[in-house]
Each structure stands twice: as structure tokens, then as C-alpha cells.
Amino acid sequence: MSEERSTFFRRKKTCPFTGPNAPVIDWKDSKLLLRYISERGKIMPSRITYVSPKKQRELSKAIKRARFMALIPYVSDGGNR
Amino acid sequence: MPLYETMLIARQDLSPAQVDELAAGYAKIITDGDGTVLKTDNWGLKTLGYRIQKNKKGHYVLFNFDTQSPALLEMERLMRLSEDVLRYISVKVDAFAVEEEEPETTDEKKEAA
């Protein structure tokens, strides 16, 4: 049976951004960034998303830029992400 | 010459034609300052993540420039003055992502699993 899991809570400890066909972190790509912010709109810690420190820094910079350009909310009321 | 990526949000109650005109105006400033406009991408009306100056939606326009900084700074100055532009950001980039909208990678992962 194919174990259904979102790319988010990956059991194995690899960073989703390193590796051959890893997605590029881009502040305009709100779909990708939404996966790394919590329900309330906070940036998820790398201990949960297994993102490597270097990529986590890039990710947080991209998220902050996207927030500035209102692509993703600063605070979401836990629903309409 | 250095590559810049500029995105601006225009007021909600502008017509698409006015937004294009606005975008063309800013692109002209860059070409005047002997830069080149590689791409002008109008994302159209999108809902904003939060209200900016009472606007719930905004017209997003993305530019890819290859220009020296004076032309870009001049354009930014005019954007600051303009009332139509709610917000803008210019980012210096090394290269522009050329690939098109590639499909979601998650699907392939699911099939592969």
C-alpha cells in the first residue's frame, strides 16, 4: 500500500532542497513557501522540516520577501492559507 | 551589466490597460538609462496576503532588467512618488530562472513511492 505522506513531514532526514532535482527557493513561488510556514503564518523550524541550515537561511529570506510583497500573509488566522 | 528583478503592486482600482501603461512607462525609464528589459510579466489581479492601504487585491507586475543602478534608482524614485504603486521591491540576482512553470514535483514523488 503506498503510504500517503505530504512532502512536508518526511520521515527520512534529508533536506528537501539539496539533491539532484530539488526545487529552487524563490521568493515569488508562494506555493513552495506556503509549505514551510505554519498554520498561523510563522516560519517552520528546521528541526521539523529537516531543512539544512544553509537552505533554511535562504528560505527565511525568501519568506520575508514574499511577506513584504503580500504574496503570503504575515499572520493568518489559522484558516485561509 | 548587473541583473535586477523588480516587482511592483499596483492599486486595485486600476484597469488592466492602465497597469500595462504604468509598466511600460517604468520599462521606458530603464531603456532610456541604456539598460535592457528582458521580461515584463503581468501577473494580473491577485488577492493580497493582507490589506495594503485599504486594498484587498493588487495588480502584480514583474520585471527582469539588465541595467546599471542609476536607471533603476531613478525608476524606484518615480515609483515612490506615484500613488498607483502600493509597493515595489528590486532584487539583484545572478541569473534569471528560465524554466517554465514546471509541474508540481510532489506528484512524481508520490508515483515513485
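Computed from heavy atoms alone, side chains included, the values below leave out hydrogens, waters and symmetry copies. Each chain gets a letter, A, B and so on, in the order its sequence line appears, and its residues count up from 1.
- Under the 4.5 Å side-chain heavy-atom criterion for grouping Ile, Leu, Val, Met, Phe, Trp and Tyr, Leu78(B) is not connected to Ile9(B) through any hydrophobic cluster.
- Atom CZ of Arg80(B) has more than 12 neighbouring heavy atoms from other residues, nucleotides or ligands inside a 6.0 Å radius.
- Using modelled atom types, one side-chain atom of Tyr60(B) and one backbone atom of Met69(A) make a donor-acceptor pair closer than 3.5 Å.
- Hydrophobic clustering, with ILVMFWY side chains joined whenever heavy atoms are under 4.5 angstrom apart, keeps Val19(B) apart from Ile52(B).
- At a threshold of 4.5 Å between side-chain heavy atoms, the hydrophobic network of Ile, Leu, Val, Met, Phe, Trp and Tyr places Tyr88(B) and Trp27(A) in two separate groups.
- Residues Gly49(B) and Pro73(A) approach most closely at O-CB, 3.5 Å, considering heavy atoms.
- Of the atoms belonging to Leu62(B), it is side-chain heavy atoms, and not backbone ones, that fall under 4.5 Å from chain A.
- With hydrogens and angles ignored, the 3.5 Å screen pairs no side-chain donor or acceptor of Tyr74(A) with any backbone N or O of Tyr50(B).
- Separation of atoms CE (Met7(B)) and CZ (Phe68(A)) is listed at 11.5 Å; rounding is to 0.5 Å.
- In the hydrophobic clustering of ILVMFWY residues, with side-chain heavy atoms under 4.5 Å counting as a link, Val85(B) and Phe65(B) come out together.
- Ile72(A) touches chain B through its backbone: at least one of N, CA, C or O sits under 4.5 Å from a heavy atom, while the side chain does not.
- Both the backbone and the side chain of Ile89(B) come within contact range of chain A, each with at least one heavy atom under 4.5 Å from a heavy atom of that chain.
- Hydrophobic cluster membership is shared by Leu22(B) and Leu81(B), with clusters built from Ile, Leu, Val, Met, Phe, Trp and Tyr side chains linked at under 4.5 angstrom.
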